[in-house]
Amino acid sequence: MNPYLFILGRDPLLSRTELQNFCDEILYDERESLLLAENLKFENPRDLPQTKEQIFLDRLGGTIRFAKVIGEFESEKEVFASILQNILDQKPDGKLHLGISSFGWRREPTKALLSKIKNTLREEYDRNCRVVNIDGRTLDSGKIFGDRLLQKGFEFVIWKKHAAGFESKAAQDSNPTFLLAQTVASQNLRNYTLRDRGKDFRDARMGMLPPKLAQILISLSNPDWDDVVIDPFCGSGTVNIEAAIMGYKTIGSDLDATRVRRAQENFEQMAEKFRYEKSHGDFFMIDAEKFPIQKTSGIIATEGFLGDVYEKHATREKIQSESQKILSLWQNLLKNLEDSSLHTLSFCLPAWNFQGKTISLSENLFAKLGQSSYIPSALFNGKRTFIYSRPGSFVGREICVLQKK
Ligand SMILES: C[S@@+](CC[C@H](N)C(=O)[O-])C[C@H]1O[C@@H](n2cnc3c(N)ncnc32)[C@H](O)[C@@H]1O
């Protein structure tokens with residue numbers, strides 16, 4: 001089976017970690033945010049009209065698009081010949097739409113290659129070709145989605161591997177090679193916006209968990225298809241909606257009765273749009289500190305409670321008192337989960353950007369785990385947590401994953 005090339009999102013390490021459960025990594029290029037992998041797990045219980053590749057991509061929050069590898073070539077001439085052949089084989093007649101994105105390669109050669117393909121198609125094959133990035137710039141998912149490029153034609157991805165900067169001596173000594181791949185799935189931006197902005201109930205003050213991060217949290221817990229996905233701090237129900245879209249049954253609970261009701265309403269509203277069963281979600285008002293033992297097999301994926309300090313001018317004392325509250329909340333919740341059948345817990349702790357320094361809670365929580373049957377996983381390239389934060393934001397989310405021993 002051919003390998004696939006993944007174009008990773010804004011936080012490549014997080015995207016790469018998300019993919020670990022779904023494929024076997026061959027090569028990771030940090031500089032270009034690319035990951036080459038094989039043995040993809042395409043299985044999905046939902047009967048959906050999309051291709052299996054698109055269904056696979058639609059569950060990943062951290063991958064922008066991915067491409068099936070066609071081959072590896074030593075010269076630009078061979079790349080040109082292979083692209084031309086692939087176009088003619090796959091679309092023997094009619095107008096063509098084409099884009100080429102290159103990584104580890106400059107814009108000018110890409111531009112020249114695009115022109116050469118366009119001219120050859122016209123002059124030698126009498127075919128019309130609309131090139132969507134005639135300037136040779138790497139395409140973004142907005143353009144691919146907006147132009148319906150994958151429906152109307154092709155995007156080819158070229159990765160000049162040597163120039164991409166592999167540090168090993170062998171790589172430096174070897175000639176560069178061109179890995180050529182054809183994009184098979186790209187993020188559906190309209191659906192993300194619908195889920196993000198289109199929910200009837202949103203609470204801007206408490207901050208909104210982006211659907212993509214909810215997907216990543218679920219993936220990090222690696223649920224089996226018969227596992228229940230639980231969010232004990234469900235708020236507006238983002239995790240529950242993402243879980244149901246992926247094909248899982250889900251439970252949402254929250255301390256706040258109004259949020260529980262509104263989460264259920266959001267869940268039902270999205271069920272119609274994304275064609276999952278309303279009955280796949282159950283919602284309850286429960287204090288997470290008194291979370292009942294779960295005997296059904298499942299996982300927790302949650303943003304958690306990030307505290308009540310959102311303003312930059314918060315005092316150190318306020319942050320400290322919120323930290324204590326959050327730590328004790330998680331300690332109590334973890335104590336209650338001791339006898340449960342939940343195998344993995346992915347959650348966020350607040351990480352405050354206070355006076356130029358990051359205040360994070362994970363080390364403190366991990367130190368308090370003591371005899372707990374949950375242990376932190378060092379998933380993030382050997383590190384136990386990953387801070388998800390945007391420039392200028394005061395509260396970031398520190399992602400932690402605990403696994404049952
Ligand atoms: C950051 S919000 C979660 C938002 C949610 N991820 C969403 O997408 O809307 C935190 C939630 O935790 C809830 N919460 C705070 N303390 C709680 C507790 N002890 N038990 C259960 N829920 C709690 C709050 O009511 C709030 O809805």
Side-chain angles (χ1 to χ4, degrees), residues 1-7 34 36-38 40 42 44 47-58 63-161 177-191:
M1 208 166 77
N2 284 16
Y4 288 86
L5 186 63
F6 290 83
I7 298 168
L34 292 175
L36 187 65
E38 60 190 352
L40 272 58
F42 282 121
N44 189 291
D47 184 19
L48 296 166
Q50 291 86 351
T51 61
K52 70 175 193 304
E53 289 89 355
Q54 189 63 46
I55 296 170
F56 180 75
L57 181 73
D58 284 344
T63 297
I64 290 172
R65 58 191 191 275
F66 77 106
K68 188 172 188 173
V69 173
I70 293 169
E72 197 155 350
F73 304 97
E74 280 178 7
S75 67
E76 290 171 41
K77 209 169 141 196
E78 287 172 280
V79 174
F80 163 77
S82 179
I83 293 180
L84 199 63
Q85 196 55 52
N86 271 281
I87 291 174
L88 296 169
D89 287 350
Q90 291 174 57
K91 202 162 190 293
D93 43 42
K95 183 168 175 167
L96 284 158
H97 293 251
L98 175 68
I100 296 179
S101 292
S102 53
F103 295 85
W105 211 25
R106 281 165 295 115
R107 226 173 98 194
E108 282 309 311
T110 314
K111 188 174 162 186
L113 184 67
L114 279 161
S115 300
K116 193 171 162 196
I117 291 173
K118 185 179 164 86
N119 293 341
T120 309
L121 282 165
R122 191 180 50 231
E123 287 157 18
E124 292 181 25
Y125 298 89
D126 196 23
R127 299 283 300 278
N128 244 333
C129 176
R130 177 174 174 259
V131 175
V132 295
N133 62 331
I134 197 72
D135 58 3
R137 265 183 221 277
T138 300
L139 286 164
D140 58 42
S141 10
K143 180 87 180 141
I144 293 178
F145 185 73
D147 281 32
R148 292 176 50 77
L149 182 61
L150 302 189
Q151 287 75 30
K152 294 187 195 163
F154 314 95
E155 186 202 27
F156 291 97
V157 177
I158 300 169
W159 179 25
K160 193 175 179 188
K161 280 168 68 185
T177 56
F178 298 90
L179 189 116
L180 176 65
Q182 183 177 336
T183 304
V184 285
S186 181
Q187 268 180 355
N188 186 324
L189 299 179
R190 192 180 58 88
N191 280 351

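Asn86 contributes atom CG, which lies 8.5 Å from atom CD1 of Ile83 (distance to the nearest 0.5 angstrom). Between atom CD of residue Gln187 and atom CD of residue Gln54 there is a gap of 9.5 Å, rounded to the nearest 0.5 Å. Atom NE2 in His97 sits 11.0 Å away from atom CD in Gln151 (nearest 0.5 Å). The distance from atom CH2 of Trp159 to atom CG of Leu180, rounded to the nearest 0.5 Å, is 13.0 Å. Residue Leu96 holds its CG atom at 12.0 Å from CZ of Arg130, rounded to the nearest 0.5 Å. If you take CG on Asp147 and NZ on Lys152, they are separated by 6.5 Å, rounding to the nearest 0.5 Å.
Counting only heavy atoms from C-beta outward, the side chains of Arg127 and Leu88 approach each other to under 4.5 Å. For the pair Leu149 and Leu139, the minimum side-chain heavy-atom distance is below 4.5 Å. Counting heavy atoms from C-beta outward, Lys52 and Asn44 have side chains that stay 4.5 Å or more apart. Inter-residue side-chain proximity for Leu114 and Lys111 is flagged as unmet; no heavy-atom pair is nearer than 4.5 Å. Looking at heavy atoms from C-beta onward, Glu155 lies in side-chain contact with Ser101 at the 4.5 angstrom threshold. The shortest side-chain heavy-atom distance between Phe103 and Leu5 does not fall under the 4.5 Å cut-off. Annotation: side chain of Leu121 is in contact with side chain of Leu84 (closest heavy-atom distance under 4.5 Å). Side-chain contact between Leu34 and Ile7: present, with at least one pair of heavy atoms (C-beta onward) separated by less than 4.5 Å.
The backbone N or O of Cys129 sits nowhere less than 3.5 Å from a side-chain atom of Arg122 that would complete a donor-acceptor pair. No donor-acceptor pair under 3.5 Å is formed between the side chain of Thr177 and the backbone N or O of Phe73. No donor-acceptor pair closer than 3.5 Å links the side chain of Glu38 to the backbone N or O of Asn2.
Remark: the Glu78 side chain and the Ser75 side chain contain an N/O donor-acceptor pair separated by less than 3.5 Å.
The shortest non-hydrogen separation linking Ser115 to Ile134 is OG-CD1, 4.5 Å. Across all non-hydrogen atoms, the minimal contact from Leu36 to Pro3 is CD1-CB, 4.1 Å. Nearest heavy-atom pair, Gly142 versus Leu189, reported as atom, atom and distance to 0.1 Å: CA-CD1, 3.5 Å.
For Arg107, the CZ atom counts as densely surrounded, since its 6.0 Å shell holds more than 12 non-hydrogen atoms of other residues, nucleotides or ligands. The neighbour count for Asp89 CG, taken as heavy atoms of other residues, nucleotides or ligands under 6.0 Å away, is above 12. Counting heavy-atom neighbours within 6.0 Å of Glu74 CD, excluding the residue itself, gives a total of 12 or less. Within a 6.0 Å radius of CG in Asp47, no more than 12 heavy atoms belonging to other residues, nucleotides or ligands are found.
Phe154 does not carry Lys91 over the face of its six-membered ring by the limits of under 6.0 Å from the centre and within 45° of the normal.
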**Request:** Any chance you could lay out the side-chain contact (heavy atoms from CB on, under 4.5 Å) test for Arg65 and Leu150, step after step, and finish with the verdict?
**Result:** CA-CA 11 Å; Arg65 58 191 191 275; Leu150 302 189; over 6 Å; no
Would Leu113 and Ile158 count as a side-chain contact (heavy atoms from CB on, under 4.5 Å) if you check the C-alpha gap in whole Å, the side-chain angles of each, and the deciding distance to 0.1 Å?
CA-CA 11 Å; Leu113 184 67; Ile158 300 169; 3.5 Å; yes
Apply side-chain contact (heavy atoms from CB on, under 4.5 Å) to Asn188 and Phe145, showing your working.
CA-CA 7 Å; Asn188 186 324; Phe145 185 73; 3.3 Å; yes
Go through the steps to decide whether Phe156 and Ile87 satisfy the test side-chain contact (heavy atoms from CB on, under 4.5 Å), and finish with yes or no. CA-CA 10 Å; Phe156 291 97; Ile87 291 174; 3.8 Å; yes
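Salt bridge Glu53/Lys68: absent, no basic N to carboxylate O contact under 4.0 Å.
For Phe56, the ring-ring contact (aromatic ring centres under 6.0 Å, His included) partners are Phe42, Phe66, not counting sequence neighbours.
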